[in-house]
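Right, one structure below, let's go through it.
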Amino acid sequence: MNVLKVKNYDEMSEKACSILLDKINSVPHPVLGLATGSTPEGLYKKLIEEYRSGEVSFKDTTTFNLDEYIGLSMDHPNSYHHYMKDHLFQHIDIDMEKAHVPNGDVTDVQSECKDYEKIIHENGNIDIQILGIGTNGHIGFNEPGTPFTSRTHIVNLAESTRQANARFFGSIEDVPTRAITMGIETIRESKEIIVLVSGEKKAEALSRFINGDVSESFPASILQKHNNVTIVADEAALSKL
Ligand code: PGA
């Protein structure tokens, strides 16, 4: 794994943006894997700026988000559909038919998982996947203990994840207990992976990610075995290495 050290959150976002732009501008039909949460917000702001100044078009880009809560409607303010629309999609020229986020508001969630997996495959898998990392090592919503061989599936969210995400909801009781997530095997099939890590609260997780054992108890550790991973981390995140 390649580690790119940057000063702070802003530089991390800048670096991630330039890596994505290079990819979008060099592949005829780029397929991007996108993440939600606080970490990629700065990246999305920068992508919008680049789009507005004419440096990039998303017309030929396809995107796949990592995950979505089960039980929230697409227009719920805390759904990841809403997050993506708000933070990126409504500001750029992407064809919304090509902007995929798992749908957690369906009666047959199992079929939704299967279909999502199928469309990723039909698009030739992901060219470049943006990932954040949870303090418990989760990637997407693949919590500790998830098999490395998992495909897009239903997960029960860890209590620590629900607590971490309660800041977006009124209270922890309002945070859904289940989600759909791309599986670990699905993520591993991405041709290139960029992991963004910022802030002291991720320092312990980053240290274990880079130097710890490869174990299903720390999902991100499997990326040590991927041949094209770049970690873009700021000084605070790197403080425990
Ligand atoms: P965060 O979440 O970007 O909001 O810190 C990352 C994650 O939990 O995967």
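Remember, predicted model here, so these are calculated numbers, not experimental data. Both counts, for ligands and for their atoms, begin at 1 and track the order of listing.
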When you check ligand 1 against the protein, what N or O pairs turn up below 3.5 Å? List the atom names and distances, or just say none.
from: ligand 1; atom 1: 3 (O); to: S38; atom 2: N; distance (Å): 3.3
from: ligand 1; atom 1: 3 (O); to: T39; atom 2: N; distance (Å): 2.9
from: ligand 1; atom 1: 3 (O); to: T39; atom 2: OG1; distance (Å): 2.4
from: ligand 1; atom 1: 4 (O); to: S38; atom 2: N; distance (Å): 2.9
from: ligand 1; atom 1: 4 (O); to: R167; atom 2: NH2; distance (Å): 3.1
from: ligand 1; atom 1: 5 (O); to: K202; atom 2: NZ; distance (Å): 2.6
from: ligand 1; atom 1: 8 (O); to: H138; atom 2: NE2; distance (Å): 2.7
from: ligand 1; atom 1: 9 (O); to: H138; atom 2: NE2; distance (Å): 3.2

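- Other residues, nucleotides and ligands place more than 12 heavy atoms under 6.0 Å from the CG atom of D108.
- A salt bridge (Lys or Arg N to Asp or Glu O under 4.0 Å) check over residues 79-91, counting only residues at least two apart or in different chains, returns nothing.
- Residue Y116 forms a side chain to side chain contact (heavy atoms under 4.5 Å, CB included) with just one option from N65, I180, T186, N103, and that option is N65.
- Listed by chain and residue number, D93 satisfy the side-chain hydrogen bond (donor to acceptor under 3.5 Å, both in side chains) test with S57 (two or more places apart in sequence, or in another chain).
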Could you walk me through whether Y44 and Y51 pass the ring pair (Phe, Tyr, Trp, His ring centres under 6.0 Å) test, one step at a time?
-> CA-CA 10 Å; Y44 297 148; Y51 166 69; over 10 Å; no
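- For D127, the side-chain hydrogen bond (donor to acceptor under 3.5 Å, both in side chains) partners two or more places apart in sequence, or in a different chain, are K191.
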